[in-house]
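What follows is a short report on a single structure.
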Number of protein chains: 2
Amino acid sequence: MAGDTTQIDQVRRFNRTVTERVGVLHDHYLGRDRPIGEARLLWEIGERGQDVRRLRERLGLDSGYVSRLLRSLEAEGLVKVEPQPRDRRVRTARLTAAGREERAVLDGRSDELAGSLLAPLNTAQRARLVAAMAEVDRLLTAATVTLDTVDPDHPDARHCLQSYSAELQERFETGFDAARSLLPDPGELRPPHGLFLVARLHGEPVGCAGLKLPPGAPAEVKRMWVAPHARRLGLGRRFLAELEERAARHGHDVLRLDTNKALDAALGLYRSAGFQEVPAFNDEPYAHHWFEKRIA
Amino acid sequence: MAGDTTQIDQVRRFNRTVTERVGVLHDHYLGRDRPIGEARLLWEIGERGQDVRRLRERLGLDSGYVSRLLRSLEAEGLVKVEPQPRDRRVRTARLTAAGREERAVLDGRSDELAGSLLAPLNTAQRARLVAAMAEVDRLLTAATVTLDTVDPDHPDARHCLQSYSAELQERFETGFDAARSLLPDPGELRPPHGLFLVARLHGEPVGCAGLKLPPGAPAEVKRMWVAPHARRLGLGRRFLAELEERAARHGHDVLRLDTNKALDAALGLYRSAGFQEVPAFNDEPYAHHWFEKRIA
DNA sequence: GCCATTCTCTGACTTTAGTCAGAGAATGGC
DNA sequence: GCCATTCTCTGACTAAAGTCAGAGAATGGC
């Protein structure tokens, strides 16, 4: 539980208005001549097809139920379900031509619904509504992101670390060669020497951050990265806050890090998060700036 | 259909995020051990009880269905349904002590849900989210208001006109006596001499505006009023735009009105809506300012 | 090659949600 | 007092939504 009473009340008023106005209309528009279960499924399969297990996950439905829905869509000729060549247990649902058409109809209705929300408003109000919606959307998305401790060898961690390297390679003037950098070996980022966090949005890894906890020395942030499509959600700041707290919990009273001048957003973040620039405390060849912050 | 493609897309993204995050959680929280139909009904009955017909209306449900839900709540001892003394066909549902308790549980869960949306965010993000929600709430509410032409004798029109008089009475330094004012007699505000609009929110009248259409003379706005709880929704502006259009449609090219200096919000509205202050064109005793606008 | 595991499907269910056609009690207008 | 209307309820439905316990095919690790 969080937020003061006024905030809670406002959120509740919002929930009420929005479920009434958007929720009800949504079902009404989407499911005009088709059960909404089927409609949602049709939608979720998408242009490029989707594995059945993924559909189940995304929609949070029982496996038997999804199977039945798929068969009914198949019977209508909208969908084809086939085993994946790589793993024949997994099956992939794909839209047929008719299915694509049907989905386009749903798409049109979604536009209609959106239009009907805007229609009674004048130009200025529309602009304000859309801007406020974007803000709500962004922040609710931010609130959906989870941070979990994982082993640096976990597939999600690997995915993030690879993206991290690839991005540095692209952004640093000099390119980036992991072998030349002081990147800690994974052992340093798992207990008891450290830890590794992965941020996930709807189960997808969208960022990571490592923490070194050397006994008797300052804790150190390593390999912090946020996926491009998950930026502007305050995730960097959240990583820092989380790492700070964990470092303090492990008895450290200083947190430090180094970074490259090309990462201007990161530089701004560190400064505004209370880090002070300090002289180089290591000889990381890719670093131009060193920061530290007193914690706890 | 309204709004350009970018706007429509943003609204759709918003709908998606919100139905996922709020909608799903909403049902989850609310209906933990009770069908959401019952939960919604329990909620809608409220502390003070509600007529069955009203419940039906508010929730948009079939009469048989509501009846059945009520009986199941009655069987659980949460609700008591009794005929109204004034009209024994109408029955009123009231919460029992147990029902009140149960409703408090739902209330707590709504708070929990709201809290869970805010919890992962930091203070600054929370403030921004809540502000954006308030804005969305306000504008969606504004978009829900309907404007209908009604006869000035319609109960909803009467209700608004009475509130209008009562408010002027309170706000004018001199008080307000309808008999001394140049208020048109109702005949002037019905076709063919004019028309009368009522704004409704969820069926409740929340504002009104009359239009005089004297042949060969400027059209005139009369008795425009918006209920206090429906202000800040841009309703005044919407009334003006609607009346302007209707006046133009009836062949008028000037729209005018008079107003009292105590109504400062109205003065600002007229100015920003393109009305120019002009010399007195009538001898309305309660007016301090006269405006007109060229239309069409 | 065996075995535990993963993934999807089927059959047999239950519960919700909601509709429709009256029936029966009250009421209001005449 | 009669009659049309209003309001709620009951019985008899249907359809959607979802659960649960296996069965059967593939796969991966050993």
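Throughout, a chain's letter reflects where its sequence line sits, starting with A, and its residues are numbered from 1.
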Might you point out which heavy atoms bring A/R94 and A/R48 nearest each other, and give the distance in Å? NH1-O, 3.5 Å
N/O-N/O pairs, protein side and nucleotides 11-15 of chain C side, under 3.5 Å:
{"unit_1": "C/dG11", "atom_1": "N7", "unit_2": "A/R68", "atom_2": "NH1", "d": "3.4"}
{"unit_1": "C/dG11", "atom_1": "N7", "unit_2": "A/R68", "atom_2": "NH2", "d": "3.4"}
{"unit_1": "C/dG11", "atom_1": "O6", "unit_2": "A/R68", "atom_2": "NH2", "d": "2.7"}
{"unit_1": "C/dA12", "atom_1": "N6", "unit_2": "A/R68", "atom_2": "NH2", "d": "3.4"}

Nearest-0.5 Å distance, CZ of residue A/F196 to CG of residue A/D153: 10.0 Å
Identify all side-chain donor-acceptor contacts of residues 67-75 of chain A below 3.5 Å with residues at least two apart in sequence or on another chain.
{"unit_1": "A/S72", "atom_1": "OG", "unit_2": "A/E38", "atom_2": "OE2", "d": "2.7"}
{"unit_1": "A/S72", "atom_1": "OG", "unit_2": "A/L69", "atom_2": "O", "d": "3.4"}
{"unit_1": "A/E74", "atom_1": "OE2", "unit_2": "A/V81", "atom_2": "N", "d": "3.1"}

All N/O contacts under 3.5 Å from nucleotides 28-30 of chain C to the protein, with atom names and distances to one decimal?
none

What integer distance in Å separates B/L41:CG from C/dA17:P? 11 Å
Salt bridge (Lys or Arg N to Asp or Glu O under 4.0 Å) filter on A/R91, not counting sequence neighbours, yields none
Which nucleotide in the set D/dT8, D/dG18, C/dT8 lies at the smallest distance from any side-chain heavy atom of A/Y65? D/dG18
Atom pair NZ/CG of A/K80 and A/L95 - distance to nearest 0.5 Å: 12.5 Å
Quick one: does A/V198's side chain get under 4.5 Å of A/D148's, heavy atoms only? no
Taking the side chain as every heavy atom from C-beta outward, state whether A/V11 and B/L113 have any pair of such atoms under 4.5 Å apart. no
Quick one: the dot-bracket string of DNA chain C, using Watson-Crick and G-U wobble pairs with both distances under 3.5 Å, [ ] for crossing pairs and | for bases paired to another strand. ||||||||||||||||||||||||||||||
Length of the line joining B/L61:CG and C/dC20:C1', which is rounded to integer Å: 15 Å
Figure out the CZ/P separation between B/R88 and D/dT8, and round it to whole Å. 13 Å
Heavy-atom side-chain proximity of B/H159 to B/S163 below 4.5 angstrom: yes
Between D/dT6 (P) and B/E57 (CD): distance, integer Å: 14 Å
Calculate the interatomic distance between A/D62 atom CG and C/dC9 atom P; express it in whole Å. 12 Å
Atom CG of B/L59 and atom CD of B/Q50: how far apart are they, to the nearest 0.5 Å? 9.5 Å
What is the separation between atom CG on B/L73 and atom C1' on C/dT16, rounded to the nearest whole Å? 14 Å
Interatomic distance, B/Q84 CD vs C/dT27 P [rounded to whole Å]: 10 Å
If I take atom CG in residue A/D51 and atom P in nucleotide C/dT6, what distance separates them, rounded to the nearest angstrom? 17 Å
C/dT8 phosphate, OP1 or OP2, under 4.0 Å from A/R56 side-chain N/O: yes
Test: salt bridge (Lys or Arg N to Asp or Glu O under 4.0 Å). Region: residues 134-146 of chain A. Which pairs qualify, not counting sequence neighbours? A/E135-A/R138, A/E135-B/R128
Once you round to the nearest 0.5 Å, how far does CD of A/Q84 lie from OG1 of A/T92? 4.5 Å
